[in-house]
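Worksheet for the structure shown next.
Remember, it's 1-based here, ligands and their atoms both numbered in the order they're listed.
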Amino acid sequence: MKNLFLAIISFLLIFTSCKQTPPPAPVGALPSEQQLQWHEMNFYAFVHFNMNTFTGNEWGFGETPASTFNPSELDCRQWARVCKEAGLKGIILTAKHHDGFCLWPSAYTEYSVKNSLWKDGKGDVVRELSEACKEFGLKFGVYLSPWDRNHADYGTPAYLEYYRNQMRELLTNYGEVFEFWLDGANGGDGYYGGANERRNVDRTTYYDWDNTLKIAYELQPKTIIFSDGGPGCRWVGNEEGYAYQTNWNTLNKAEFAPGVANSDDLHHGQEDGTHWIPAEVDVSIRPGWYYHPYEDHKVKSLPHLLDIYYNSVGRGANLLLNFPVDQRGLIHEKDVEQVMALANQLKADFANDLAKGKKATVSIVRGRQYKASNAIDGNPQSYWSTPDSVTTASIEIDLGSETEVNRFLVQEYIALGQRVRKFTLDAMLNGEWKEIASETTIGYKRILRLPTVKTNKIRLNITDSKACPLISNIEIYLAPKILTEPRITRTQEGLISIQNADNEVTVHYTTDGTEPTVNSPVYTEAFLLAEKGTIKAITADLSTGKTSPVTSEAFDIPATKWTVLGASEDEKSNQLFDGKTNTAWTVKNEKLPAAISIDLGETVNLCGLCYTPNQDRYIQGIATSYQIFVSQDGKKWGQAISEGEFANIQNNPVKQTVQFTETAARYVRLVATATVNNQPMLSAAEISVLTK
Ligand code: FUL
């Protein structure tokens, strides 16, 4: 009996002592329940697919007949399957882009799928995708462009009613819409029902956003509304695929409207903003938002996609990765391949949490419910915290033994507000703490990519915080090295450099045409190749013995003595020989033909010419038909030594090689007799020659 009494007393003591530490008070603007769920999604897909897919435009004018929309094998289930397999959590579809064409049979316009050839006008892409998302366990969202270059009433009050009606259709008929996307581009020239004129609206007042969005929330109380200033989530301020290191989730909502924002605030948020409006990073897996066959070889590479992931999700933003669905109505094979490469690499990067089950100790604790181990218990609801007055503190993870690590993931318990302004990270190296990172905000999630260190202890130091820090999660990983094939380039001076994606791998190369292995020389710095030659290279992770595929580049004579005729004052003409395929030089004329003439500095036995079009986004000035001339004196050019077309170069603008009968000459000229869209210009990223 006495024992029972003592047990009850001690239980009550423990219980009341627990109760004595109240939870920290919230700080600043807080996320809603829906926003908390949205943060957990991290990564989902955008699909740009509608009229532009069939016209090759990025922004349609609004005049293209509805019949033009005609995918040959549209399959929304394929989109959903790809996204599911790649670990994406949802899909947002451009139900209507700026050209006004609707992917659903809207009752309020004739400009929709109902007047297309696809499925004899009986189809509904919005329905097919919403059902596919349901089937594959994905969330579904819609993009409804406020700007409409087709609609006759755009710019008048009648259009607002039209816009609201379309919003009602989309938010009523297709189940749950997790995100409603309001693009900021608005106003300019357009078809506007045949008026063909320029129309502008006041982006802040024209849409009466407060009342318009009220309708959206009535129909879909849980939806997250995206725009420059939210209110659900905000644009990050660029379309390149990165958030900023300092990233506050709060904004002064009243200062923003769709298409109206100060970009610095979009980038960083506003530390003491009145509302929780977190950043979303939207970026396309190709240069364009819409499908263009000529971008089939410009799908972002694995290293690029990894940068995008770490610089968005790893900086506390959500990542919205766009697939430009093609004219068949499918996510293109090349895009599937790259997103799966990303998914597999991410799986490997986060395969084994080295902090899990380890010992965590802290410099100070708020009370026993807020203990150190809460940060590594895998439970996002529990967190380590300090007393109210303490805003600097440390948490140390003992890894148990010397362990290689290169990723550090940390999360704040944001339900009570974002707090941390600055933090550093230390690793114990040979018995001493060494700082390995110094950063600013944490927010929902920070993931640091660190140089690999071998250590037995990692310490997170919160060095500045708006209030006591609340750390809900810490994970530590050793991500495998990226073994993509290296890139080999040569400068005008003949210097060969070999670039690789991961600076912790070694690059091995040969100059004699043999296959490189891990025993071949290690590349450390650029070296001279003053003659013709073939360089082959691989990247290797010597700790595992794994290697990349081989890259092989054959170089002819270097461009050391070359100049571009008529362009001697213009240094940019040297970009033709700099080895960089994303810098180009362009000759503009009144009309075609346009030509680039090169002085090789000495007479050589020419037998060919190579032309690499600009590999950057734009395709103006790409030659589709050519003539090549040679000359001894740069004045008399005679007959073309070769002429023809660069077949399919618009769709596949890769390096073109033209061979011709061997001729001794000092000057060579490439003439464009036709170009993409017949624009009167010739542009080239690289020009080189073949010699005997
Ligand atoms: C932009 C639009 O103008 C683009 O066409 C695209 O839809 C992108 C996601 O947003 O501002």
Side-chain angles (χ1 to χ4, degrees), residues 43-62 64 69 79 83 88 90-103 125-126 129 141-151 154 163 166 170 177-191 198-201 203 207 224-230 232-243 256-263 266-267 279-292 295 298 300 308 312 317-326 331 335 617-618:
F43 184 17
Y44 38 90
F46 219 173
V47 166
H48 273 65
F49 172 72
N50 42 38
M51 192 56 90
N52 291 335
T53 313
F54 299 89
T55 56
N57 289 329
E58 281 288 308
W59 281 11
F61 198 73
T64 310
F69 179 85
W79 314 355
C83 291
L88 279 70
I91 303 179
I92 300 177
L93 172 66
T94 49
K96 179 181 94 168
H97 201 251
H98 312 326
D99 62 16
F101 182 77
C102 300
L103 288 182
V125 186
V126 179
L129 183 61
V142 290
Y143 172 124
L144 180 68
S145 170
W147 186 19
D148 190 321
R149 302 171 93 185
N150 172 265
H151 205 275
Y154 175 80
Y163 186 77
Q166 295 207 313
L170 288 172
V177 172
F178 88 96
E179 191 167 317
F180 185 61
W181 224 86
L182 298 174
D183 190 76
N186 206 333
D189 53 6
Y191 173 70
R198 199 175 178 79
R199 292 186 187 171
N200 286 309
V201 298
R203 296 176 183 185
Y207 293 89
I224 294 290
I225 295 177
F226 166 99
S227 80
D228 296 65
C233 65
R234 75 173 191 267
W235 186 39
V236 77
N238 70 65
E239 294 180 351
E240 311 298 310
Y242 61 92
F256 299 82
V260 181
N262 167 335
S263 50
L266 293 176
H267 298 165
E280 182 183 83
V281 170
D282 61 317
V283 61
S284 186
I285 195 162
R286 293 168 174 241
W289 291 101
Y290 281 95
Y291 180 77
H292 310 288
E295 290 181 351
K298 293 184 184 172
K300 291 187 169 75
I308 287 174
S312 55
N318 273 1
L319 171 57
L320 178 59
L321 181 66
N322 179 64
F323 296 101
V325 159
D326 65 20
I331 298 182
D335 305 33
R617 179 166 178 183
Y618 299 103

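Residues satisfying the side-chain contact (heavy atoms from CB on, under 4.5 Å) criterion with S284, sequence neighbours excluded, are R286, W289, N322, P324. Residues meeting the side-chain contact (heavy atoms from CB on, under 4.5 Å) test with N238, sequence neighbours left out: V236, E240, Y242, Y244.
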Tell me, with the steps shown, if H292 and E58 meet side chain to side chain donor-acceptor pair (under 3.5 Å).
CA-CA 9 Å; H292 310 288; E58 281 288 308; 2.8 Å; yes
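Taking all atoms of both residues into account, the shortest heavy-atom contact from I92 to L320 is CD1-CD1, 3.9 Å.
Although no hydrogens or angles enter the test, the distance criterion places a donor-acceptor pair under 3.5 Å between the side chain of D228 and the main chain of G259.
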Between the protein and ligand 1, which nitrogen or oxygen pairs come in under 3.5 Å, and how far apart is each?
{"from": "ligand 1", "atom 1": "3 (O)", "to": "W59", "atom 2": "NE1", "distance (Å)": "3.0"}
{"from": "ligand 1", "atom 1": "3 (O)", "to": "H98", "atom 2": "NE2", "distance (Å)": "2.9"}
{"from": "ligand 1", "atom 1": "5 (O)", "to": "W59", "atom 2": "NE1", "distance (Å)": "3.1"}
{"from": "ligand 1", "atom 1": "5 (O)", "to": "H97", "atom 2": "NE2", "distance (Å)": "2.9"}
{"from": "ligand 1", "atom 1": "7 (O)", "to": "H48", "atom 2": "NE2", "distance (Å)": "2.7"}
{"from": "ligand 1", "atom 1": "7 (O)", "to": "H97", "atom 2": "NE2", "distance (Å)": "3.0"}
{"from": "ligand 1", "atom 1": "7 (O)", "to": "Y143", "atom 2": "OH", "distance (Å)": "2.9"}
{"from": "ligand 1", "atom 1": "10 (O)", "to": "D183", "atom 2": "OD1", "distance (Å)": "2.7"}
{"from": "ligand 1", "atom 1": "10 (O)", "to": "E239", "atom 2": "OE2", "distance (Å)": "3.4"}
{"from": "ligand 1", "atom 1": "11 (O)", "to": "D183", "atom 2": "OD1", "distance (Å)": "2.9"}
{"from": "ligand 1", "atom 1": "11 (O)", "to": "D183", "atom 2": "OD2", "distance (Å)": "3.3"}
{"from": "ligand 1", "atom 1": "11 (O)", "to": "E239", "atom 2": "OE2", "distance (Å)": "3.3"}

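Applying the salt bridge (charged side-chain N to carboxylate O under 4.0 Å, His left out) definition to pairs two or more places apart or across chains, those involving residues 90-100 are K96-D148.
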